[in-house]
2 protein chains.
Amino acid sequence: MSSSGTAGRATTLSDVARRADVSIATASKALNGRFDVAPATRQRILAAAAELDFSPNPMAKGLSADRSGTVGILTGDLEGRFMIPILMGAENAFGTGRVNAFLCDARGDQIREQHHLKALLVRHVDGIIVVGPSTNPRPSLGQDIPVPVVYAYAPSEDPRDTSLTSDEVMGGRIQVEHLIACGRTRIAHISGDPTFAATQNRVQGIRQALDAAGLELVGPPLLSQWSEAWGRDAAAMLLERHPDIDAIACASDQIARGVLDTARDMGRRVPEDIAVIGYDNWDVLALNSRPQLSTIDANLEELGRLAAHQVFDAMDGTDTSAGSKNLPVRLVIRGSTIASR
Amino acid sequence: MSSSGTAGRATTLSDVARRADVSIATASKALNGRFDVAPATRQRILAAAAELDFSPNPMAKGLSADRSGTVGILTGDLEGRFMIPILMGAENAFGTGRVNAFLCDARGDQIREQHHLKALLVRHVDGIIVVGPSTNPRPSLGQDIPVPVVYAYAPSEDPRDTSLTSDEVMGGRIQVEHLIACGRTRIAHISGDPTFAATQNRVQGIRQALDAAGLELVGPPLLSQWSEAWGRDAAAMLLERHPDIDAIACASDQIARGVLDTARDMGRRVPEDIAVIGYDNWDVLALNSRPQLSTIDANLEELGRLAAHQVFDAMDGTDTSAGSKNLPVRLVIRGSTIASR
DNA sequence: TATTTCTACGAAAACGGTTTCGATAGTTTC
DNA sequence: GAAACTATCGAAACCGTTTTCGTAGAAATA
């Protein structure tokens, strides 16, 4: 009812044109930086637009030009802990700019994914970010999509697609490098579901670091589930079978939390007797344990940001860096590997 | 490059019209269920549309009709643990339907929020869902917004707005009712940041339940932070000062986890000696503790779903149930309050 | 001065739909 | 058999932009 605010018919380009006493064609050109408009006229038009608080109707814009100013974010499963930071990074990259993001959650369902994809294309999104719940490669959406597609976290199985993923091998490697730097030599590894690519890659990285130092893993890697309970059980087995280990590299903070509990139960001090390092830097878990967890941070928000920029670049034709990229991870040192002061 | 797939120019209404040998006007009417088109003709047109796999261009549609088929989801801070289920519920309600959601994360910034709001309105969204990171009331977006707005989780300060929030008082109440049903009578309460509405509301609910049973809280409610560490510290204080308590109602699963740790450290058995109940049903925490946590589930996904439907109703003019609603919460019973078999 | 070249601008055609309204043909009514 | 309806359809305006292309006038050239 009040006349302030955003109510009432939105001001349109022809309003601006009328006020600046030019045709809408000229107004359009002036506002878009076309060059066949006299400087004085352009000023007049810009002023008029500013006074009327004009912003062009994206739908109308999208009809003629085929840029809609939107991108689709197609997630495999929002539930996952890893989606959120990536989402945040991406959304933030669009940020205050001209483009908005459609969020589509496929809930782990292929059919729903196809449906959402269709909807996004019908809406003429300018690009698509596909973010998967794990680092396991996922089926490609196909090559016949008329807009750029970037796969985040879960890479596409098709090498022709461009994917951004986290360097899991590096993650395993710097876990162990850190443990060695802390003077540990009898190192064991507890990880999650062996069918996960992350599991295998981290084991690989861990072996690399051990090899480089002339060391060997104590016992085989213990692979089972991504749960705290498994961390407890595995640690118990480990400490019983190899009482002399002095460090455990865990493939998730959840597992590490379990390990911490078992160590405490069995009277081993962390980090004095056993150093423990986690993976994920999930603050809820890592910051509230006793002691706080040293861990690996995959920079997921940065990954999301990069995915967004990759889409931008591809949209702008700057389709340079095709192919996939493996983003470096980061070591976070806390009390579970180094006694505080 | 392949000719299958979605590539190539999208099929348009005039394609359909041509194939059905009618004008685009008639085609439009047929597809939209207008009634001045002969049954036979309509069939022909529908068939043509189906064969060509036609779907109307939402932008063109949005230009004439003023329905864009989109809604905006304006979140205060994606980081929060509570946003995600709500987001999922809402997104899923739009689901396979005709409407897609713009995701906007204000990152706790008023200015960014205004900016996003502006962008959503310029895009002519048909509705807006504002989801806040806590149950604290938040400033209204104002009354002069031309589309329906629903506030989820964090209600609007303005009673004229329609808000959907979680019944925190009920949450506190059924926590204690459950503890009492388990035979506990000496009940204490550990909660989080006292400036949170949730904190106060839950205390209120707890008092209601105790009053109804003729009981009193053991000691004052301990209010400080939403962290596991605080849960540990508070529990230690509590057990020292009141060694005879037999139950602790915690205002978050994080706090409950801390309490569990302290109980174990001090040799109290859970649930035999002390029953512990959490709040949030955050599976990562609640399912991996020893024992698993009884807790309160706020049905956040349902809340998101309802918010979406509320927007739908308001869009369709079925603007019935204005005003705010307080959604019931749900008790989840696990091992921390009842010994397993 | 007459011609050519620019420059700055606007008329009009898209873009892909919806909607109003008039036209046509077939039916009914008197 | 003419008038009045009714049912079905299509021409055209419109939504708010962008873009092409034509043109008037000024400036440069002959």
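On a predicted model such as this, the values are computed, not experimentally measured, just so you know. In what follows, chains are A, B, ... by sequence order, proteins preceding strands, each numbered from 1.
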Rounded to whole angstroms, how far apart are [atom1] on [X] and [atom2] on [N]?
X      : N      : atom1 : atom2 : answer
A:R123 : C:dG16 : CZ    : P     : 16 Å
A:R44  : C:dC9  : CZ    : C1'   : 11 Å
A:R42  : C:dA8  : CZ    : P     : 10 Å
B:N32  : C:dG17 : CG    : P     : 11 Å
A:I24  : C:dA14 : CD1   : P     : 15 Å
B:N57  : C:dA14 : CG    : P     : 18 Å

Scan [X] against the nucleic acid and name what it touches under 4.0 Å (heavy atoms): base, sugar-phosphate only, or nothing.
X     : value
B:A38 : sugar-phosphate
B:D36 : base
B:T26 : base
B:F35 : nothing

(message) Taking the basic N atoms (NZ, or NE/NH1/NH2) and the acidic carboxylate oxygens, is any pair closer than 4.0 Å for A:K118 and A:E113?
(response)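 Judged by the 4.0 Å cut-off on N to carboxylate O distance, A:K118 and A:E113 do not form a salt bridge.
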(message) Please determine whether a side-chain nitrogen of the Lys or Arg among B:D158 and B:R160 lies less than 4.0 Å from a carboxylate oxygen of the Asp or Glu.
(response)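 A salt bridge is present here (some side-chain N lies under 4.0 Å from a carboxylate O).
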(message) Does either side chain, that of A:R123 or that of B:N100, offer a donor lying less than 3.5 Å from an acceptor on the other one?
(response)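 A:R123 vs B:N100: donor-acceptor pair found between side chains.
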(message) Checking side-chain polar atoms at under 3.5 Å, does A:T165 have a donor or acceptor matched by the opposite partner on A:S163?
(response)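 A:T165 vs A:S163: no donor-acceptor pair found between side chains.
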(message) Need two values: the first and the last nucleotide of DNA chain D, 5' to 3', having an atom under 4.0 Å from any heavy-atom of chain A.
(response)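 The protein-touched segment is D:dG16 to D:dT19.
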